[in-house]
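Report on one structure; see the data block that follows.
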Number of protein chains: 2
Amino acid sequence: MPLTLEDIARISGVSRSTVSRVVNGGDKVNPQTRERVLEVIRQWNYQPNAAARRLAAGRSDTLGLLIPAGAGAAFEDPYFSQVIRGVAAACSRRDYALTLWLTDPEREPRVLRRLAANNLVDGVVVSYTLADDPIVGELRRGNLPFVLIGHAPDPAINAVALDNVEAARVAVRYLLERGYRRIGIIMGAPNQIDAQDRLRGFTEVLEQAGVFDPTLLAEGDFLEEGGYSGMRLLLPRRPEAVFAANDLMAVGAYRAIQEAGLSIPADVAMVGFDDVPMAAQLHPPLTTIRQPMYTMGQLAVERLLEILRDPRQPPRQILLPPELVVRQSA
Amino acid sequence: MPLTLEDIARISGVSRSTVSRVVNGGDKVNPQTRERVLEVIRQWNYQPNAAARRLAAGRSDTLGLLIPAGAGAAFEDPYFSQVIRGVAAACSRRDYALTLWLTDPEREPRVLRRLAANNLVDGVVVSYTLADDPIVGELRRGNLPFVLIGHAPDPAINAVALDNVEAARVAVRYLLERGYRRIGIIMGAPNQIDAQDRLRGFTEVLEQAGVFDPTLLAEGDFLEEGGYSGMRLLLPRRPEAVFAANDLMAVGAYRAIQEAGLSIPADVAMVGFDDVPMAAQLHPPLTTIRQPMYTMGQLAVERLLEILRDPRQPPRQILLPPELVVRQSA
DNA sequence: ACCTGTTGTGGGAGCGCTCCCAAACTGCTT
DNA sequence: AAGCAGTTTGGGAGCGCTCCCACAACAGGT
């Protein structure tokens, strides 16, 4: 049986309260007493019972990470792994536990309500990728502190994101500068908000340059497969360059291009999005927009902890600047 | 303020105990009473407080997943993402929460002790990849139910794993059958148990065939970079085929081979290990050993739940058969 | 000598549940 | 009419902590 606070108190000859103060880095404890108690704690390897603490204090020292992409196909995308890594690393550093919820989007509200009512977690980082995801409304209505990651819908909401519209602009401007005019896109899954944003940036720049061609739009799904089929559709239309809305689709696009006996970038130039680890390993190495998923995960946690410390803080959007990583595909 | 059991009891005109019974699918409740209470619960959207439940029942409905690979470099490997996915999916299906710990191996015992003393989790799935990881001893000494994933060190321990030795044999035998004789290996990180096992299987088969050549062993690290440098070392020794101890290194090896102006499999054949999603997308598509990480994650959770249901069950090792996926690289 | 403030400590109450045992009610037998 | 088994319900105790208030001890100022 694990020891309790009371046990430690008895052993070290003080009261429950004093031990509690020591454990919680309490303020008003005689240094000698503190030392004595700490020694006992060390010696007996006492660990406070988290459940009791939660119940009594209404605080769990646990954060949640909610990824509605589900355990489904979308999880192939290294994007989510990197986000998880970042969030987990930050939690671990801050001595918070991390509860992970990979849900289907439909089950999400249920999960959320459970989390909130429960003080299972003190706050939650939510990956926001689905356009019109009702989760945002749900979160606002609830009173569980949260930070969105991936998209910042509204300045009144805490979020960490890349400016996807601007990022797409950067990519397309670069292609224009390199002299490409017939520029196509393999779009992301249409219900994904990043996909919509990237398409918007893409369209905008090309229209301004007067070279927008709607026949060079191909639907995609953010997966390798969609990149492949998107590019197959695009190739007969002879694009000089193609912007893939994420790297995974760029991989598929490469496959289609190379199967057609064409070469990158001589016949078709490519720009991707995300800069997943694989991107640098492709042939030729992929020029892409870097999205610092790992860092975003960390930032989201830091922000969340700030909010927990001082709940009255005004909301803040942390928008990271897009960065173009030029390699050899464009 | 969220409602409590007591509130529901008052509203529906019964006692705390009765509501508790209803909530927990209790046995002895009058069907009409049950209906009435359920209706109130639904109407007021009552959610039991998990912390209180944990404290009172000593059960948390939460499983832990411990990955000592850390938030470090090793996490580049999709292996871990897939395991996480599998575990998360199974937990979600069984209505268990999942607490994720990506720790440095050194911090791991501390985490573990915290988990155990705490009833933070009912049980834990532990990724076992580091040879001589003291965690196994630690787990045995403790009384937190656990299942290892990735390697099964001992029939007395619950584990889900692939037989890595046999898997390597399968790969090498295949290469021999195809007529290759100068067969090299890019080994995994030397402190990883899978790396050792795979090397063993590799060596064994070649020695039996009388074609083992110790100059065709190259050190690796399970990362892309190590695959690249390993292959650079190997190439001057003119191997006809190379077995990479995981797919990520095969990617690096491809890069080295192609940079050298050689072709796969004509000049050098390649076999990988894991069958990560990327494997099928390489040029040429990689022949590899499939390791069903996602399934393994699920199986580990199922097994853990079995143990929780009946703690006196004899331990069981679930060993999955290796499967060679023949594509075009060998 | 008194009061005042400061520092350190102790213990009661309570967080929201589960578990257990006892009480109340039912329907049936003798 | 009393007795009994079986079913259904109620309430006390307690899980291990935190929070709050009370109190003890001692300093310094009047």
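In the text below, chain A, chain B and the rest are named by the order of the sequence lines, each starting its count at 1.
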Write down the distance between CZ (B:R54) and C1' (C:dC19), rounded to a whole number of angstrom.
19 Å
Are any of A:Y46's side-chain N or O atoms less than 4.0 Å away from OP1 or OP2 of D:dG16?
no
Heavy-atom side-chain proximity of A:L299 to A:L320 below 4.5 angstrom
yes
Under 3.5 Å, which N/O atoms of the protein pair with N/O atoms of nucleotides 11-15 of chain D?
{"unit_1": "D:dG11", "atom_1": "N7", "unit_2": "B:S17", "atom_2": "OG", "d": "2.7"}
{"unit_1": "D:dG11", "atom_1": "O6", "unit_2": "B:S17", "atom_2": "OG", "d": "2.3"}
{"unit_1": "D:dG12", "atom_1": "N7", "unit_2": "B:R16", "atom_2": "NH2", "d": "3.1"}
{"unit_1": "D:dG12", "atom_1": "O6", "unit_2": "B:R16", "atom_2": "NH1", "d": "2.8"}
{"unit_1": "D:dA13", "atom_1": "N6", "unit_2": "B:R16", "atom_2": "NH1", "d": "3.2"}

To the nearest angstrom, the CD-C1' distance between A:Q47 and D:dG16 comes to 14 Å
Return no unless some side-chain N or O of B:T33 is found under 4.0 Å from OP1 or OP2 of D:dT9.
yes
Ignoring backbone atoms, test whether A:N24 places a side-chain nitrogen or oxygen under 4.0 Å from the OP1 or OP2 oxygen of D:dT18.
yes
When you check the phosphate oxygens OP1 and OP2 of D:dC17, does a side-chain N or O of A:S20 lie under 4.0 Å from one of them?
no
Could you work out how much the helix from C:dA1-D:dT30 to C:dT30-D:dA1 bends, comparing the axis of its first five pairs with that of its last five, to 10°?
70°
Drop me the distance from B:T295's OG1 to B:E302's CD, to the nearest 0.5 angstrom.
11.5 Å
Would you kindly give the CZ-to-P distance between A:R53 and C:dC17, to the nearest whole Å?
21 Å
Interatomic distance, A:R36 CZ vs C:dT9 C1' [rounded to whole Å]:
11 Å
Count the heavy atoms of every other residue, nucleotide or ligand shown that sit under 6.0 Å from CG of A:D95, and state whether that count exceeds 12.
yes
Donor-acceptor pair, distance only, cut-off 3.5 Å: does the side chain of B:S92 make one with the backbone of B:A88?
no
With A:L304, the side-chain contact (heavy atoms from CB on, under 4.5 Å) member among A:N158, A:L63, A:V160
A:L63
For atom CZ of A:R10 and atom P of C:dG10, their distance in whole Å:
14 Å
Intermediate values then yes/no, side-chain contact (heavy atoms from CB on, under 4.5 Å), B:Y96 and B:L305
CA-CA 10 Å; B:Y96 268 74; B:L305 293 180; 3.6 Å; yes
Using whole Å, report how far CD of B:E6 lies from P of C:dT18.
12 Å
Quick check: closest heavy atoms across A:D163 and A:L319, and the distance to 0.1 Å?
N-CD2, 4.5 Å
